[in-house]
Amino acid sequence: MVRLWVAMLVGLAVALGAREVSPRAGQEAGALPAGGEASASGDGHAAERRGTQEGARFEAIDIFVDSGVAALAAYQVEAKATAGDVRLVGVEGGEHAAFAPAPHYDPAVLHAGRMRERIVIAAFSTAGELPTGRTRVARLHVRVTGEQADYAVRLETAGGADGKRIQAKVDWAAAAGGAGDRK
Amino acid sequence: MRMWTRAVGLGVALLGIAAAVGLQACQTVGLKATGPTSAQAAASGSRDGKVPWARTHSLIEYPSDWPAHALKRGELRQERGPAFAATEELWVIQKAVEPATPAEDVPGSGALVTKQPGSDGKETQVPVPLKHTDVRASITGYIATVNVKQQFHNPFSTKIEAVYVFPLPENAAVNEFLMTVGERTIRGIIREKEEAKKIYEEARSQGFVASLLTQERPNIFTQSVANIEPGKAIDIDIKYYHTLSYHDGGFDFVFPMVLGPRFNPPGFADGIGAAGRGDGGSSGQKTEVQYLKPGERSGHDIALEVEIDAGVSIEKILSKSHTVAVLRDSEDSSKARVKLAAEDSIPNRDFVLRYAVAGDRIKSALLTQADAAGRGGYFTLMIVPPADMKSLERSPMEVVFVVDRSGSMSGRPMEQARAAIERGLNRLQPGDSFQVIDFAETASTLGPRPVEATPAGIRQGLAYSAQLNSGGGTMMLTGMKAALDFPHDPRRLRVVSFLTDGYIGNEAEILRAMYERLGAARVFSFGVGSATNRYLLAEMARLGRGAVAYVGLDEEAGDIMDLFFDRISHPAMTDLRVDWGGARVSEVYPARTPDLFVGRPVLLAGRYEGPWGGTIRVKGLAAGVEREIEIAADAEGQAVAKGVLPAVWARMKIADLCDRELLEAGPRAAEEAQGAIKRVALEYGLMSAYTSFVAVDSMTRTAGEFGVSVVQPVEVPAGVRYETAVGGTAATGGRQKEDNRP
C-alpha cells in the first residue's frame with residue numbers, strides 16, 4: 001500500500017510536469033465565491049486579500065494548506081490573479097522540510113492564453129515527518145504592475161500519508177519579511 | 001477521481017524507472033592516476049586489424065587479491081557498496097599515453113594554457129564568477145536525463161551580475177530551471193523571450209536577485225545572474241533530456257563543455273563573437289564569448305558522472321576525450337557508472353563517452369507514454385537498418401572533399417583533416433571521381449573539374465591535400481558554393497564531405513545556402529576538433545540527407561573516414577514510408593523521414609490516439625528495390641521512459657518548425673513558424689529561440705546599484721590556437737579588416 005502511494009505521488013508530480021494535469025470541467029466558470037478558504041472537495045471558495053501598492057514591483061504571496069490533524073503528504077493548488085497585471089516569476093517551496101523543494105507548475109495552464117495569470121502547482125513528499133495543521137506549502141514570486149493585485153486560490157486536492165484524500169483548506173497571504181521590508 | 005487515476009497509472013510505471021536508474025548498490029572504486037607504467041596496458045583487440053576507437057584503450061589487470069592488496073597500499077579508495085570480487089573486471093579507460101598535442105608547443109591549446117606561464121613566468125589565476133559546474137546524467141535506453149548545476153559566486157568586493165555563455169547538446173530539451181539562494185530554491189518560469197528579459201532587467205535594476213537563461217543557438221545559451229553580493233553564492237540548476245545517437249554499434253553521450261571561437265563574416269551582426277578576456281565588445285557581436293589569454297587560468301572546473309542503463313548488454317565503454325573511471329554492475333551487464341577523473345576537470349573540450357552494445361541486440365523498437373486521459377500519448381520509434389543492406393553495392397560516386405583551413409583549424413585539427421582526406425582518397429574506387437576544395441577567406445580547388453579516381457588522379461589529390469595549411473577567417477559560404485555549384489555528373493552520386501570545426505556565427509545563412517543548392521547531392525559533415533559546432537554539423541547532415549561524424553584530437557581520423565566509406569559504400573534505404581498498423585498517429589517528427597544508412601538508425605517521435613496493435617511496417621527503396629522492416633507495436637515489456645517522451649517529442653517538433661522558419665520562403669511563413677515554436681515551447685515548458693527561463697527572488701533585494709556585469713571567461717578549446725582563433729582577424733573577421741583599411 002505504501003509503495004502504491006509512493007508510486008501514486010510520484011505519478012502525480014510527473015503528471016503535472018508532463019502537462020497531464022488540467023482543471024476539472026466547470027472550474028473556470030464564473031467568479032469564485034467570496035469567503036475564507038477552499039476545501040478539498042473542489043466546490044469550495046477562495047480567500048481573498050488586497051494588494052497595496054501601485055507601479056511595477058516584485059512581491060511574493062504565500063500559499064497555506066491547513067490539513068488539521070491529518071499529516072499532509074501531497075497537494076495540488078490553483079492560484080490566479082483576480083486583479084492587477086500579474087506575472088509569475090518564480091515558484092518556491094514551503095516552510096516544512098517535507099515541502100521545501102520548489103513545487104512543479106503546469107506550463108500549459110500558465111500559458112493557456114487567459115487575460116489574468118493562472119497557475120496550478122503541486123507537490124508531494126515521502127518524508128517520514130509530514131506537516132499537520134496550517135503550513136506554508138509554497139511561495140509564489142510575482143511581478144505586478146498597475147493596480148493593486150488580488151488573488152484567489154483553490155485547493156484541487158490534498159492527500160495524506162496513507163494515500164487517501166484528506167480534507168484541507170487553502171488560503172494565501174502576502175509573504176512576510178519580503179523585499180518591501182528591506183532596503 | 002480522474003486525476004487520481006492518472007496519478008496511479010503514471011506513478012506505478014515511474015516506480016519501475018526509478019528502480020532502474022540509480023538504485024542498484026554498486027561499489028565505486030576511485031583510482032589515483034599513477035601513470036601508465038603502473039598498469040599493465042594492452043591494446044584492445046580488434047576484429048579486422050582496425051581499431052576504430054580503441055586506440056587509447058588500456059586494460060588494467062589487477063592482482064588476484066585486489067582490492068585488499070591495493071587498499072593496503074593506499075592506491076585505491078573504496079567508497080561504498082559490497083566487496084568487489086577479485087573475479088570482477090574493472091575497466092579504467094585512460095586517455096592516450098602520448099597526448100595528441102600539436103607538434104609545436106603553441107599557446108592557446110587548452111591543455112597548455114594551464115601549464116604555460118605568463119610573461120612573468122607565473123600562471124595568472126583570474127577571479128571569475130562561475131566556480132564549478134556539476135553534471136549528473138542518467139541514461140535509460142537511448143534517452144539521457146541530464147542535470148547541470150552551475151555554482152556562481154562573487155569573489156569581488158562589490159555586487160556583480162554574472163554572465164556566462166555556454167554550450168549544451170544541440171537537441172537538448174531544456175525544461176527545468178532552478179535558482180538556489182542560500183537555503184531556498186526557486187523554480188524559474190518559462191516565458192516569451194522578450195518578456196522574460198524585461199522581467200529580469202526590471203528585477204535587476206531594482207536590486208533583486210534574479211536569473212535569466214536565453215538561447216542564442218540550439219546549442220548555445222546565455223546564463224545571467226543579477227545582484228550577487230560580495231562573498232555570496234547562487235546556484236543554477238538546469239535539466240534537459242536528449243536522445244543519444246547510435247552508430248556503428250554504439251551510443252555516444254556528449255556533454256559539450258566549451259564554445260569554440262566563432263568567425264563572423266564582415267557585416268554580419270547577429271553572430272557569436274569571440275574576444276579576449278577584458279576585451280568585451282571588440283567582436284562587435286551581440287552575443288560574445290570572452291576567452292582566457294595564454295597564461296591565464298580561471299579555476300572553474302567541472303565534475304561529471306553518468307549512469308547508464310542501456311537495456312542491452314554493454315560490451316565496451318570508452319572516452320577518448322577524458323580520463324574516466326568506469327564501474328560495471330557485477331550483476332547486470334546493461335548497467336554502468338562513469339565518472340570524470342578529478343585531474344581532468346578543466347572544461348576545455350567536449351566530453352564524449354562511447355559505449356558499444358551487443359550489436360545483434362539493437363532492434364527497431366517502439367517506446368510509448370500514455371497521456372493522462374489514457375486515450376493516447378507520445379511515442380518514439382527507432383528504425384534500425386536491416387543487416388543485409390551491407391550486401392548491396394553502391395553506384396559510382398563523385399566525392400567532393402571540402403576542407404576548412406581557417407585559423408581555428410591550425411595545428412592538430414588540420415592534421416586530422418588532411419589524414420581524413422588521405423584515407424578517403426585511398427578508399428575511392430575505379431569509376432569514382434573526386435574534387436578537393438579548401439576554404440578560409442577564399443576558396444580554392446584541386447582543379448577546374450572533378451578528377452577521375454585513377455592512380456594518377458589519387459596521387460594528384462594526395463599531393464594537393466598534403467600542402468594545405470591553415471590561417472585566416474572562415475568564409476564557409478564561399479566553400480559551400482564552390483562545392484555545390486559546379487555541374488553535377490548524372491552518372492555519379494555526388495557526396496560532399498565537409499571537414500570543419502564549424503566555428504562560424506552565421507549558421508542560418510550557411511544552412512539555407514546549402515539547402516538551396518543541394519539538388520541530388522548528399523552532405524556528410526565531419527566535425528574536427530575538441531569542441532566542434534555540433535549544431536551546425538548535425539544540421540548540415542540532416543538537411544543534406546547525409547550523416548555526421550566527429551573526429552576528436554585523439555582519434556584516428558583515417559578510421560573515422562573508413563567508417564564513413566563503409567557507410568556510403570552501400571546504398572541507403574530511401575523514400576521511407578511508415579504503415580502504423582492501424583494506430584492513429586499524428587505529428588510525427590522529423591516530418592521528412594531521413595534516409596536509412598548502414599549502421600545508423602533513424603529515430604521518429606509522434607503522437608498517437610487509441611491502442612497500439614499489430615505490426616508497424618517501414619517501407620523504402622534500397623538500390624532501387626523495395627524493402628520492408630517490420631516492428632512489433634507491442635507496449636508490453638518495454639523500458640518506457642516515463643515523463644520524458646512529451647519533452648522529447650516537443651523538442652523534435654520545435655526543430656522541425658525551426659527548419660520551416662529557416663527554409664520556407666517569405667516573411668509570413670517565418671512568422672508563422674516562430675509563433676508555432678513559441679506556442680509549443682510555452683505549452684511544454686521548453687527553452688527555444690523565442691522562450692526563456694526567468695527566476696526572481698522577490699524576498700532578496702540587495703542594496704545599491706545592480707553592479708558590474710562580469711562575463712565568465714572560458715578556456716580556448718584544446719587544440720585551438722588563441723592567436724589565430726581569438727586574436728587577429730580570425731574571429732573578428734571583417735571588423736578588424738575594416739579597421740586596418742588604409
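Just so it is clear: chains get the letters A, B, ... in the order the sequence lines come, proteins before strands, and each one is counted from 1.
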Contact class of [X] relative to chain A, heavy atoms under 4.5 angstrom:
X	result
Glu183(B)	neither
Ile199(B)	both
Lys678(B)	neither
Glu192(B)	neither
Phe177(B)	neither

Could you tell me the separation between the NE2 atom of His111(A) and the CD atom of Glu683(B), rounded to the nearest 0.5 Å?
->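 Between His111(A) NE2 and Glu683(B) CD, I get 10.5 Å after rounding to 0.5 Å.
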Got a second to check how far Arg143(A)'s CZ is from Arg191(B)'s CZ, nearest 0.5 Å?
->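 Nearest 0.5 Å value for the CZ-CZ distance: 9.0 Å.
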Decide side chain to side chain contact (heavy atoms under 4.5 Å, CB included) for Glu202(B) and Phe58(A); before the verdict, give the C-alpha distance in whole Å, the side-chain angles of both, and the deciding distance to 0.1 Å.
-> CA-CA 9 Å; Glu202(B) 284 177 345; Phe58(A) 292 90; 4.0 Å; yes
Which atom names give the shortest non-hydrogen contact between [X] and [Y], and what distance separates them?
X	Y	value
Asp697(B)	His141(A)	OD1-CE1, 3.5 Å
Met699(B)	Ala60(A)	SD-CB, 3.9 Å
Ile189(B)	Gly90(A)	CG1-N, 3.5 Å
Thr185(B)	Glu92(A)	O-CG, 3.4 Å

State whether the number of non-hydrogen atoms from other residues, nucleotides or ligands found under 6.0 Å of Glu671(B) atom CD is greater than 12.
->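 Not more than 12 within 6.0 Å, no.
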Should we count NZ of Lys239(B) as having more than 12 external heavy atoms under 6.0 Å?
->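 Buried by this count: over 12 neighbours within 6.0 Å.
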Winner by heavy-atom pair count (cut-off under 4.5 Å) against chain B, out of Ile119(A), Leu110(A), Leu88(A), Val142(A) =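 Most heavy-atom pairs under 4.5 Å with chain B: Leu88(A).
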Can you tell which part of Arg87(A) gets under 4.5 Å to a heavy atom of chain B, answering side chain, backbone, both or neither?
->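 Its backbone and side chain both get close to chain B.
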Region of Pro103(A) that comes under 4.5 Å of a non-hydrogen atom in chain B =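 Backbone of Pro103(A) only, per the 4.5 Å heavy-atom cut-off to chain B.
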From Ile190(B), Asn175(B), Leu686(B), residue fulfilling side chain to side chain contact (heavy atoms under 4.5 Å, CB included) relative to Pro107(A) =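 It is Ile190(B), the one option of Ile190(B), Asn175(B), Leu686(B) that forms the side chain to side chain contact (heavy atoms under 4.5 Å, CB included) with Pro107(A).
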